[in-house]
Each structure stands twice: as C-alpha cells, then as structure tokens.
Amino acid sequence: MSTEKTFKLDGRDIPFDDGDTVMDAALRAGEYIPHLCHDPDFPPHGSCRVCVVGVNGRHTASCTLQASEGMDVDNSSEDILEERRMLLQMLFVEGNHTCPACEKSGDCKLQAVAYHAGMLSPHFTHFFPKRSIDASHPEMMFYYNRCILCGLCVRVSKYEDKKSVFAISGRGIDSRLVFNSPSGKLGDTDFSPTDQAASVCPVGAILPKYLGYETPIGQRLYDFKPISVVGDETARDIAKDKLTNGGPDE
Amino acid sequence: MQDLDSFLHGLLAESGDTPDRLLQHLIAVQKQYSHIPYDAIQVLSERLGIPPVQIYSVIEYYAFLHRNPRGKYDIRFSDNITDRMLGNRLLMQGMCKKLAVEPGIPRDDGKVTIEMTSCTGLCDQGPALLVNGIAVSKLTEMRIHKMVGLIEAGVPVGKWPGKFFIVEDNIQRRDMLLNKRLIKGSALESLLVKGADAILNDLDESGLRGRGGAGFKAGTKWRLCRDAAADEHYVVCNADEGEPGTFKDRVLLNSYADSVFEGMTLCGGIVGARKGFLYLRGEYLYLLKTLENTLQERRDANLLGNNILGQEGFDFDIEIHLGAGAYVCGEESALIESLEGKRGIPRKRPPFPVTSGYMQKPTVVNNVETLLAAARIAVYGGDWFRSAGTPESTGTKLFSISGDCERPGVYEYPFGVTIRQVLEDCGALDTQAVQLSGAAGFTIPPQEFYRQIAFEDVPSGGSLMVFNRQRDLLKMVLNFTRFFCHESCGFCTPCRIGGRLMNDLVEKVMVGYATSYDIHELKKIGRVLQKSAHCGLGTTAPNAVLDTLQKFPGTYSRRLVNKSYEPAFNLDKALEVSRQLTGRDDEEAHLRLGN
Ligand SMILES: Cc1cc2nc3c(=O)[nH]c(=O)nc-3n(C[C@H](O)[C@H](O)[C@H](O)COP(=O)(O)O)c2cc1C
Ligand code: SF4
Ligand code: SF4
C-alpha cells in the first residue's frame with residue numbers, strides 16, 4: 001500500500017512530497033494552474049497572483065502555498081476564475097499591450113493565459129502610461145510597455161547568471177524595471193543573449209533585435225497547443241531558439 | 001560642506017560596511033547632501049558589495065530618499081485627512097506661492113522644495129509638516145509666514161524658534177498603564193528573580209495581545225521565538241506607526257521610552273536574543289536624540305550591554321534604525337527587509353518572523369505599546385493586567401483621537417469601552433462617522449456607536465478619527481485611496497493596479513461622472529484586493545470604500561450621473577483613447593456635445 005501524501009485539487013488526488021508547494025505538485029501531476037511570475041525551475045515569488053486558488057474559503061497564491069495532507073484546493077470555481085480574469089485584465093491595462101504589433105504574440109504567456117482564462121477584453125480603463133523602448137543593447141531590445149513586473153529576469157540574472165543586470169525600482173504603480181549601469185541603459189550593462197535571464201521573460205519585454213516574424217502568426221507556440229499543455233521549459237526553449245537565430249542579416 | 005569621500009569613509013568606518021547598513025547609510029547621505037549623489041552610490045556599491053542597480057531600487061522605493069537634489073529646505077506637508085480638515089492644502093498653496101515654488105520641484109536657486117507626504121502622526125496638533133525631517137506642528141498662516149521669512153533669510157533650521165518644534169503629548173486620559181510608573185530595571189530584576197518561565201506564565205495569564213493591530217498573544221509569540229532553535233535571536237520594536245491617524249506610540253516614545261526599552265530587554269532575556277532594534281519611522285526623527293540618550297542612560301545603569309544587572313551572560317543591546325517614508329514597512333516582514341537595508345517588500349509567510357525573521361533568525365516583532373505593557377506585567381503580574389478589559393481583550397489600550405472633537409489626544413481606556421463613551425469624553429458633537437483603526441480600518445455610523453472596542457466586537461490598533469455632519473465623507477475615502485496608491489509597494493498585481501483603479505473610480509464619483517456601474521466595479525475590485533493581495537496593506541486598502549458604500553450609500557448615490565444600472569457612455573471620453581495614442585489634445589480632437 002502506498003503511503004503517499006496527497007491533497008485534492010478540484011476533487012482529484014494530487015500526490016506531493018514534503019516541501020512541495022501546491023503549484024509544484026499540481027504541475028508534476030499534469031494539472032495546470034495558470035501562472036506568470038512563476039517558472040518551476042526557479043524559486044517561487046508570488047507577485048502576479050494569477051495562480052490564486054481557494055483553500056477553506058481563503059484565496060491564496062498556489063506557487064507559494066505549502067501542500068499539506070488532505071488540503072482541498074479549488075482551482076476552477078467561478079469565483080477563482082473570475083478573480084484570475086480580473087487580475088489579468090489589470091495587467092493588460094497597466095501597460096500598453098498591442099498584441100498584433102508585438103513580436104512575442106503567439107509565444108506570449110500573458111496572452112496565452114488570458115485566452116485560457118477566457119478573458120475577452122481588458123475591461124478596465126487603460127492607464128496608457130508613457131513608456132519608452134531601450135534599444136541601446138547591440139543584440140537585445142527592451143520594451144517597457146510590455147513589462148508586467150514579474151521579476152523573473154531580476155531573479156534569474158541575480159541568482160542564476162550571478163550578474164544582477166535588473167532590478168525593480170520605484171514603488172506602487174510607479175514601479176519599473178531598471179538596469180545595472182551608470183547610464184541606466186541596458187546597452188551599458190553586461191547583459192548577454194546567452195544569459196539565462198534573456199529567455200525567461202513571459203511577455204515581449206526582452207526580445208532579440210533583428211528578428212521579425214520569422215515564424216508566422218498562427219504557427220507559434222500557443223497557436224498549436226494551449227498554455228495548459230505547453231510546459232514552461234518548452235516556452236523557454238522557443239525563446240532561446242529565437243535568441244540564437246537572431247542577429248543582423250547578412 | 002564636507003567632501004563626499006571623507007564623509008562616506010567616516011560613515012563606513014563608524015557604522016560598518018555590511019550590506020544591511022545600506023538604508024541607514026543612504027539616510028545619512030540624504031541628510032548631508034539633500035540627495036544621494038551618483039558617486040556615493042559607487043562607493044557604497046563597492047564597499048558594501050551591492051550592485052548599483054539594487055542601490056537605485058532602494059533609493060527609489062523610499063519616499064524620503066532622492067537621486068536628484070532637493071531644496072536646502074526640504075518641506076513636506078502632512079496629508080492625512082485630519083490635516084486636510086484643518087486646512088493644510090491652503091497653507092501649502094500659500095507657502096508655495098510666497099516662495100515661488102512648484103510642489104515637488106526644487107526652486108531654481110536650490111533653496112527649497114515643498115510637497116505632500118503621508119500622515120506624519122501629529123493629527124492631534126495639525127496641520128503639520130516636516131522641515132528637513134523635523135516636525136513642525138500647529139501650522140497657521142502666521143507660522144507659515146514666519147517660516148517663509150526664515151527660509152528667504154537663509155536661517156538654518158536649527159536656529160528657528162523652538163516653539164515651532166514643540167510636540168505635545170496631549171495625554172487626555174490615563175488608566176492602569178500610564179498611571180503606574182515603572183522603576184528603571186524592575187522588570188529585569190523580576191526576570192532574574194522569578195525566571196523566564198514564570199514571566200512567560202505571567203504574560204499568558206495577562207492575556208496581553210499585540211497592540212499593533214493583529215492582536216497575536218504576546219506570550220505565545222515570545223515562547224515560539226524562544227523555542228525556535230538558532231544561534232541568534234532578535235527582538236524588534238515596531239515604531240513605524242504609519243497608520244493614518246495613529247500617534248500613541250509617538251507619545252510613548254517621547255515620555256515612556258525607558259519602559260519600552262525595558263520591555264525589549266526583558267524579551268531579549270527571555271528569548272535569548274543579544275540584539276534588539278527599534279525601527280523608528282523617519283517622520284519621528286525629532287525623537288531620535290532623546291531615545292539615544294535614554295539608551296545611553298540604560299547602558300550606564302548596566303541595564304543594557306554585557307552581564308546586565310550583573311547576571312553572567314545576560315547580554316543585550318539596542319540599536320535604532322530609521323525608516324524613510326514607507327507605510328508598508330510597518331508590516332513586520334517588510335520591516336525586517338528594511339532593517340536588512342532593502343526595499344520594504346513583505347515576505348512570503350510562512351515562515352513567520354518568530355522562526356525566520358531578521359537575517360532568517362527567530363525574531364520577535366512587537367508594537368511599542370505591547371512591549372511597554374509586557375514590562376509592567378513582569379512587575380505587577382498577569383492578574384493586575386487582566387483586571388481591566390474584556391475576557392478576549394484584556395487590559396487597557398491607548399487610543400489616538402483626532403478630527404472633529406474638542407479634546408484630541410491620547411486616551412487610555414480599558415478594552416470594551418463603547419465608541420459613544422469615547423466620543424463623549426473627547427467632546428465630539430454632531431458626529432456623522434468614526435473611522436476606527438486608521439485608513440485600513442472601519443467606518444462606523446452613529447447607529448453603531450453602541451459598539452465596544454475589543455477583539456470580540458470592533459478591534460482597533462488605536463486610531464480613532466471623528467467626522468462631524470459638515471464633513472464630506474467621500475473626501476476621507478479619496479484621501480485614503482490616494483494614501484494606499486502612494487504606499488503600495490507595487491509587488492503584487494491586485495494592490496498595485498487594483499488600488500489605482502479603485503482610486504480612479506472614487507475620483508470619478510467625486511467629480512460627478514460615475515454611474516451605478518462604477519459602484520458595482522468598485523465593489524468587485526475591492527473584493528479582489530481583499531481576497532488576493534499579498535499582504536495586509538492590499539487586503540485592507542479597500543475597507544474604507546466598501547464600508548462607506550455599505551453604510552453611507554448616499555455619499556455616493558447623490559453624485560451618480562445615472563442612478564440606474566446602465567453604464568453612461570460618454571462619446572468624448574471614449575475618444576480619449578485615440579487622443580492618448582495620437583498625443584493630441586487640441587479642440588479638433590474633442591467632441592463638444594450639447595453646445
Ligand atoms: C500595512 C501594515 C502596516 C503595519 N504597520 C504597523 C505599525 O506601524 N506598527 C505596528 O506595531 N504594527 C504594524 N503592523 C502590524 C505588524 O505587521 C505586526 O503585526 C505587529 O508589529 C506585531 O506586533 P504586536 O503583536 O505587538 O502587535 C502593520 C501591518 C500591516 C499589514
Ligand atoms: S522584463 Fe519580463 S521578465 Fe523582467 S520583470 Fe518585466 S515581464 Fe518580468
Ligand atoms: S498588497 Fe502587495 S503590492 Fe500591496 S503592499 Fe502588500 S505586497 Fe505590496
């Protein structure tokens with residue numbers, strides 16, 4: 001007889017090991033919980049709140065919630081789904097996300113999670129912040145309009161690449177990404193397309209230069225399969241692939 | 001002025017070059033140079049081993065730190081709703097005009113900057129401001145006029161008339177805590193005589209619950225920390241007191257600091273900590289000197305330092321850390337981040353500070369008043385304390401009372417006192433509403449004034465703001481939504497964005513553009529914040545909106561454009577999207593309907 005510990009996710013038994021979060025165990029068992037600031041290969045963060053689930057009537061981020069025996073986790077009630085949709089809508093109105101004009105469209109997690117969550121429109125009044133582009137880096141572009149402040153690049157650059165190219169600065173609605181250089185320009189940092197941080201951005205904020213629509217819209221990652229099936233690793237591989245295929249044309 | 005290099009080297013030599021010193025060093029540099037020069041960031045980066053980008057992000061997080069020079073006279077008007085009710089806006093406008101300066105922008109000659117800041121904790125003697133970090137109370141046109149003269153004449157703040165800087169305690173009602181003086185060292189003697197377990201039992205018996213708001217049992221917290229195995233333990237006194245309308249800790253730190261330090265040392269002795277921190281909000285900078293003096297007196301009396309009261313191995317000392325304008329740093333895990341020199345972003349919990357706090361070590365974080373009460377309980381016993389109050393909320397509690405009443409100030413009451421009683425005592429007439437527990441708290445209408453302040457009924461961290469019938473409660477609501485937008489750390493989606501959406505909707509109601517659909521939206525967004533925000537700031541930020549919507553619906557409904565459920569469609573407003581995108585705002589880009 002198995003002595004495996006389990007908790008319930010929408011009625012299904014999910015096995016887990018000590019120290020697992022609800023997210024870890026669910027993903028391993030093939031159950032998808034939407035997430036943006038989380039990537040299972042890196043420590044959880046808990047900022048986007050899109051992975052919110054219900055436990056005992058309380059809502060909490062599943063990426064930071066320790067799994068425990070007998071827990072009854074709600075990942076699909078209308079309450080939870082609506083909350084997720086509203087959180088996604090908030091992220092859409094905070095920045096300027098013009099998907100048709102974005103190279104990441106079709107490979108973008110924000111877009112894919114929004115489809116998955118059944119978000120039909122941004123709903124809230126757009127903030128239309130005035131944000132710029134940083135094109136100072138020889139190989140990489142940075143689009144402030146699209147950054148959702150998930151902090152993945154910050155964490156990966158600091159802990160994996162040991163570089164600390166990025167940080168989130170300011171606070172509240174004025175939070176923004178900043179770069180580690182005296183000029184504040186990305187081009188004056190030691191950021192490189194081979195950094196792990198170059199391929200973790202869930203949206204089209206960090207992209208290689210000299211690359212436009214090599215893969216036609218309609219044939220991109222989430223065009224074939226929904227995000228609930230595509231793993232985070234595949235998404236990263238696609239991004240890495242683009243990075244190696246970039247570079248100025250002859 | 002001293003050259004930057006030698007200033008920094010002095011600073012680093014005197015107070016250390018470990019990464020946790022970052023925030024304290026930045027505060028010192030800001031004070032000396034009215035900003036953090038780029039060269040200072042370079043030096044600090046090298047010496048503390050922190051990448052420059054992280055230093056920028058810390059500077060830009062704290063409202064009192066700046067990368068560009070501020071004026072030589074750096075003025076911040078306190079902008080709590082109580083300051084507003086006392087006319088702070090007009091005073092600030094007048095001062096800006098007289099000094100020919102735009103809010104937030106340094107004057108061309110670099111002489112002065114003027115702007116608003118969150119509540120500075122002088123609600124009982126406002127309107128108030130900070131000049132170069134030091135509080136000035138009881139502002140009047142006359143006082144502003146004189147300040148303008150002093151500034152234009154270049155008189156250093158240290159030479160301004162002393163009466164500007166008088167901050168009164170305003171204790172209006174004393175009960176068991178404030179009446180019973182504590183002899184210096186008596187709680188520690190009690191610890192040495194009775195032992196730690198007996199004191200913990202006293203605390204349990206007393207029923208003392210945390211006075212910072214959450215109401216966690218103090219005895220349990222200390223025991224959990226003591227029992228968490230680690231090579232170091234820490235004690236932190238939370239003197240961030242940022243909740244709008246709260247100022248009782250200010251009074252305790254001004255007149256009862258010795259008891260607070262005694263409570264910290266007692267806690268240190270029990271949990272096995274050798275170091276304690278008092279995290280003092282930047283707004284209370286003017287208290288720093290006397291607090292440092294009190295610490296020195298205690299060291300001289302062998303009540304701090306090594307072998308306290310001659311007890312071998314009883315080593316404990318206290319260091320004061322300053323905040324720099326960030327309300328969320330009152331949240332215990334954000335406070336710990338800030339103590340470690342970082343941005344005050346609340347941590348994931350669990351683990352809780354009692355097992356993993358400062359430097360990931362077991363840490364007790366307690367409110368100022370909790371520590372003061374604990375020291376008294378160690379001397380006078382648990383029974384003494386629980387003789388007052390209610391079964392679940394024992395003892396007495398300090399309240400900060402401000403707003404529309406004749407006698408604002410600090411009142412000590414046994415828990416269980418009714419709101420009506422408090423209003424009578426402070427001379428509040430014709431009261432429309434009471435805002436209990438600050439901006440994050442509850443809006444109480446007159447039909448609920450019979451209610452008791454206690455964890456069993458309406459809990460309170462101790463702030464009570466009174467609004468009479470002449471007041472427009474929506475102004476209060478808007479003041480609070482702005483406060484939360486300004487103070488959100490920005491870490492999580494619902495608070496960062498949802499808080500701003502709520503604020504914008506309340507503004508829409510205020511200017512008379514909103515429909516009942518917007519009210520529905522306010523409720524929905526409010527619920528998302530309550531349910532999904534990462535920390536207590538976000539989960540409580542919508543309280544005032546939701547409470548007033550429920551209890552004072554007229555405040556909103558009389559302003560709505562269309563009282564039915566239909567959204568009003570404003571064609572010209574809809575064009576705003578195109579205007580924003582094209583960067584146009586000329587006549588042609590507007591639809592003028594109906595004229
Ligand atoms: C946004 C926020 C601000 C807070 N500010 C304070 C504060 O200024 N002072 C305080 O003692 N507790 C504050 N708290 C509560 C602390 O997190 C913590 O519960 C308290 O310091 C514990 O001490 P106590 O048990 O003695 O109350 C705040 C909590 C939140 C969520
Ligand atoms: S740039 Fe991308 S990875 Fe970095 S914080 Fe923004 S959205 Fe996240
Ligand atoms: S709720 Fe979220 S954004 Fe708001 S202060 Fe707390 S952690 Fe920061």
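Lettering of chains follows the sequences in order, A, B, ..., and the numbering in each one begins at 1.
- With K531(B) contributing its side chain and T60(A) its backbone, the two residues share no donor-acceptor pair below 3.5 Å.
- Residues E82(A) and K524(B) form a side-chain contact, since some pair of their non-hydrogen atoms from C-beta on lies under 4.5 Å apart.
- Heavy atoms of F484(B) lying under 4.5 Å from chain A are absent altogether.
- Side-chain atoms of R171(A) come within 3.5 Å of backbone atoms of Y61(B) as a donor-acceptor pair (strictly under, hydrogens ignored).
- Note that the CZ atom of R84(A) and the OG1 atom of T493(B) stand 13.5 Å from one another [nearest 0.5 Å].
- With S57(B) contributing its side chain and S169(A) its backbone, the two residues share no donor-acceptor pair below 3.5 Å.
- Most heavy-atom pairs under 4.5 Å with chain A: of the set G344(B), A533(B), C485(B), C495(B), this distinction falls to A533(B).
- With a 4.5 Å cut-off on non-hydrogen atoms, R176(A) touches chain B through its side chain but not through its backbone.
- By the 4.5 Å heavy-atom criterion applied to side chains, L87(A) and S532(B) are counted as neighbours.
- With a 4.5 angstrom heavy-atom cutoff, Q89(A) does not touch chain B via any of its atoms.
- The distance from the CG atom of D504(B) to the OG1 atom of T125(A) is 7.5 Å, given to the nearest 0.5 Å.
- At a 4.5 Å heavy-atom cutoff, V154(A) makes no contact with chain B through either its backbone or its side chain.
- For the pair R496(B) and M90(A), the minimum side-chain heavy-atom distance is 4.5 Å or more.
- Within the 4.5 Å cutoff, the side chain of F491(B) has no heavy atoms near those of the I168(A) side chain.
- Residues satisfying the side-chain contact (heavy atoms from CB on, under 4.5 Å) test with T481(B), not counting sequence neighbours, are V477(B), L478(B), N503(B), V506(B), V545(B).
- The pair E83(A)-R527(B) does not count as a salt bridge, with every side-chain nitrogen at least 4.0 angstrom from each carboxylate oxygen.
- The two residues R500(B) and F127(A) make their nearest non-hydrogen contact at CG-CZ, 3.4 Å.
- For S47(A), the parts lying near chain B are the backbone and the side chain together; criterion is any non-hydrogen pair under 4.5 Å.
- Rounding to the nearest 0.5 Å places CG of L501(B) at 9.0 Å from NE2 of H123(A).
- By the 4.5 Å heavy-atom criterion applied to side chains, P52(B) and N180(A) are counted as neighbours.
- Neither the backbone nor the side chain of I55(B) comes within less than 4.5 Å of any heavy atom in chain A.
- Here the shortest heavy-atom pairing between P44(A) and K348(B) reads O-NZ, 3.2 Å.
- For chain B, the nearby part of K158(A) is the side chain; its heavy atoms alone come within less than 4.5 Å.
- At a heavy-atom separation below 4.5 angstrom, chain B is approached by I148(A), L149(A) within residues 139-153 of chain A.
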